[in-house]
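Note sheet for the following structure.
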Amino acid sequence: MISILWVVLTLALVVVLAFKKVNIVTISVLAAAVLALLDGQNLMTALTDTFMTSAANYVKNFLLLFAISALFGKLMEVTGAAASIAKFLAKLLGPKFAIVGVVLTGAVLVYGGISSLVIAFTLYPIALALFQEADLPRRLLPGAIAAGCFTFAASAFPGTTQQMNIIPQPYLGTDAMAAPLLGIICGIIGLSLACIYMYWEGQRAHRNNEHFMADESIMRDIEASKKEGENIHPLIAFIPMLVIIVLLIAFRVPALLAVFVGTIVCAVLTFKTLKEKDIGACITAAVQNAGNAVIFTGSIVGYGAVVGASTGYAVLSELLTSLNAPPLVSFSLATTILAGAAGSGSGGLVIALEAMSEQYLALGIPAEVLHRVGALAAIGLDSLPHNGAVIVLLGLCGMTHKDSYKQIFVTTVVITCLVFIISIMLATVMYGL
């Protein structure tokens with residue numbers, strides 16, 4: 001049993017170092033090396049073969065897709081298309097439901113294929129103006145943005161090109177439309193709960209006489225947001241996203257091709273604006289962002305491969321099997337725990353799929369169920385305080401964990417965990433497991 005302790009110890013090392021903002025590549029290599037030494041693996045084989053082979057395979061599978069997706073998001077950002085859509089959607093519900101408008105706006109943009117952090121930076125000044133009009137305290141902003149950007153639009157609803165919905169495909173042989181009914185039901189439940197909770201928080205703030213407070217810097221951000229997206233009509237801005245969604249859902253084309261076509265459509269529709277921008281800088285920034293994302297996640301995947309090759313993992317797998325727990329329960333728990341430890345939903349999902357997908361497919365679990373439930377489980381514990389996106393979002397909004405993490409925790413941890421439990425129960429009934 002001590003071999004399991006070595007795995008737990010290195011997972012704890014990953015959490016602590018991530019919380020201290022150590023580079024994730026450094027963390028992954030260090031954790032893999034420590035585990036290899038404690039587990040009695042050959043250190044050079046563990047690092048140069050086990051670690052690097054898995055990391056390289058991940059880069060091979062996803063670098064091009066990440067690069068095209070990052071370019072699409074960058075074009076939507078710099079041309080004002082994302083801001084135009086955000087303004088249109090956020091204002092639909094009016095000041096009374098401003099906080100719900102922010103949640104749903106983030107969700108729509110994420111589903112359309114734009115990076116969650118790109119949306120956060122785009123949506124933040126627009127949401128500030130809405131919160132000012134609704135007289136809501138700024139401390140609720142991170143929770144509202146996270147509820148839309150970091151949750152169900154990226155993992156539950158079929159057809160999105162977000163990582164959570166794309167990563168399972170090469171491991172399970174599925175596509176972006178895996179388990180559509182299960183995903184839609186869970187997505188609606190999750191987003192509804194998030195909207196209800198954030199609306200309740202807003203109403204409670206009003207009852208407690210909390211108000212919108214802003215300094216000169218905040219007011220400048222609000223004023224600048226009024227000019228964002230003025231150069232493009234929101235209906236035109238929607239078209240590239242709709243093209244991607246239609247290609248994926250109606251024609252079942254590969255995600256890479258769908259996003260590529262959507263990027264071309266975006267460039268054509270916004271050409272007048274785009275030609276005034278530094279296109280070379282846009283491409284460079286997109287490639288750099290994609291490269292960082294795929295290497296960071298690939299490194300975590302490499303560490304996961306060393307975990308999968310350890311004696312502790314073999315003992316743990318045998319233990320889980322002997323408990324006779326439903327396979328979806330053990331798979332989901334492993335996925336969300338790994339996501340929490342890595343501070344990355346995509347990292348946790350890849351580690352789980354690499355280590356366990358063949359085993360669970362052999363047990364007769366449909367691939368599309370593993371795809372959808374795994375994607376939902378990956379967003380369960382991934383947004384703990386050390387998560388990089390959480391830290392960036394709080395910094396963007398000028399808030400601390402003490403100010404605003406409670407709402408992030410409820411919407412991106414409590415509600416997401418509840419929904420993946422619901423997904424297991426629904427899948428058991430719907431697929432006769």
Side-chain angles (χ1 to χ4, degrees), residues 85-86 88-90 92-93 96-114 116 119 123 143-166 168 174-202 238 241-242 244-246 248-250 328 332 335-336 345 349 366 368-380 382-383 407-431 433:
I85 295 170
F88 173 74
L89 291 174
L92 276 180
L93 299 179
K96 182 177 180 181
F97 297 100
I99 200 164
V100 175
V102 172
V103 175
L104 294 179
T105 298
V108 170
L109 291 172
V110 165
Y111 183 77
I114 304 174
S116 57
I119 297 167
L123 186 55
I145 293 173
C149 294
F150 298 167
T151 60
F152 305 100
S155 61
F157 292 104
T160 182
T161 58
Q162 295 294 339
Q163 291 182 40
M164 299 301 186
N165 197 41
I166 299 300
T174 51
D175 61 22
M177 291 300 294
L181 183 58
L182 176 63
I184 290 170
I185 293 172
C186 291
I188 291 173
I189 292 172
L191 271 181
S192 298
L193 290 174
C195 288
I196 290 168
Y197 168 73
M198 289 307 304
Y199 179 76
W200 175 81
E201 281 280 10
F238 263 119
M241 290 168 48
L242 290 175
I244 293 173
I245 294 167
V246 169
L248 281 170
I249 295 177
L328 280 180
S332 300
T335 301
T336 200
L349 181 58
E368 62 176 335
V369 173
L370 281 179
H371 177 132
R372 190 60 55 206
V373 173
L376 286 165
I379 62 167
D382 70 323
S383 299
Q407 290 78 32
I408 295 175
F409 180 77
V410 172
T411 56
T412 68
V413 177
V414 175
I415 292 176
T416 52
C417 284
L418 175 63
V419 171
F420 91 66
I421 292 170
I422 292 172
S423 75
I424 293 171
M425 294 188 291
L426 286 175
T428 301
V429 174
M430 293 169 64
Y431 291 85
L433 302 177

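FYI, side chains are in, hydrogens and waters are out, and symmetry mates aren't considered; it's all heavy atoms of this structure. Positions are given from 1 along the sequence.
Aromatic ring pairs are classed by plane angle as parallel below 30°, tilted from 30° to 60° and perpendicular above 60°; the pair Phe157 and Tyr111 is perpendicular.
Two residues are said to be in side-chain contact when any heavy atoms from C-beta on lie closer than 4.5 Å; Phe152 and Leu376 meet this criterion. Side-chain contact check for Ile249 versus Pro158: every heavy-atom pair is 4.5 Å or farther apart. No side-chain heavy atom of Arg372 sits less than 4.5 Å from a side-chain heavy atom of Thr174. Proximity of Leu104 to Leu89: side-chain heavy atoms (C-beta onward) are nowhere separated by under 4.5 Å. The shortest side-chain heavy-atom distance between Ile85 and Met241 falls under the 4.5 Å cut-off. Put simply, the side chain of Phe150 does not reach to within 4.5 Å of the side chain of Ile379, judged on heavy atoms.
For the salt bridge (charged side-chain N to carboxylate O under 4.0 Å, His left out) condition, the pairs that include at least one residue of residues 174-199, sequence neighbours left out, are Asp175-Arg252.
Closest non-hydrogen pair, Ile166 versus Thr160, comes out as CD1-O, 4.1 Å. The two atoms that bring Ser155 and Met164 nearest to each other are CB-CB, 3.9 Å, heavy atoms only.
Remark: side-chain polar atoms of Gln162 are not paired, donor with acceptor, to backbone N or O of Ala153 under 3.5 angstrom. Thr105 places a side-chain N or O within donor-acceptor distance of the main-chain N or O of Gly101, the cut-off being under 3.5 Å.
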Do Leu370 and Leu328 pass the side chain to side chain contact (heavy atoms under 4.5 Å, CB included) test, and can you show the C-alpha distance, the side-chain angles, and the key distance before you say yes or no?
CA-CA 8 Å; Leu370 281 179; Leu328 280 180; 4.1 Å; yes
Could you pull out every donor-acceptor pair under 3.5 Å between side chains of residues 419-427 and any protein atom, sequence neighbours left out?
from, atom 1, to, atom 2, distance (Å)
Ser423, OG, Phe420, O, 2.6

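Between the CG atom in Leu349 and the CG atom in Asn165 there is a gap of 10.0 Å [rounded to 0.5 Å].
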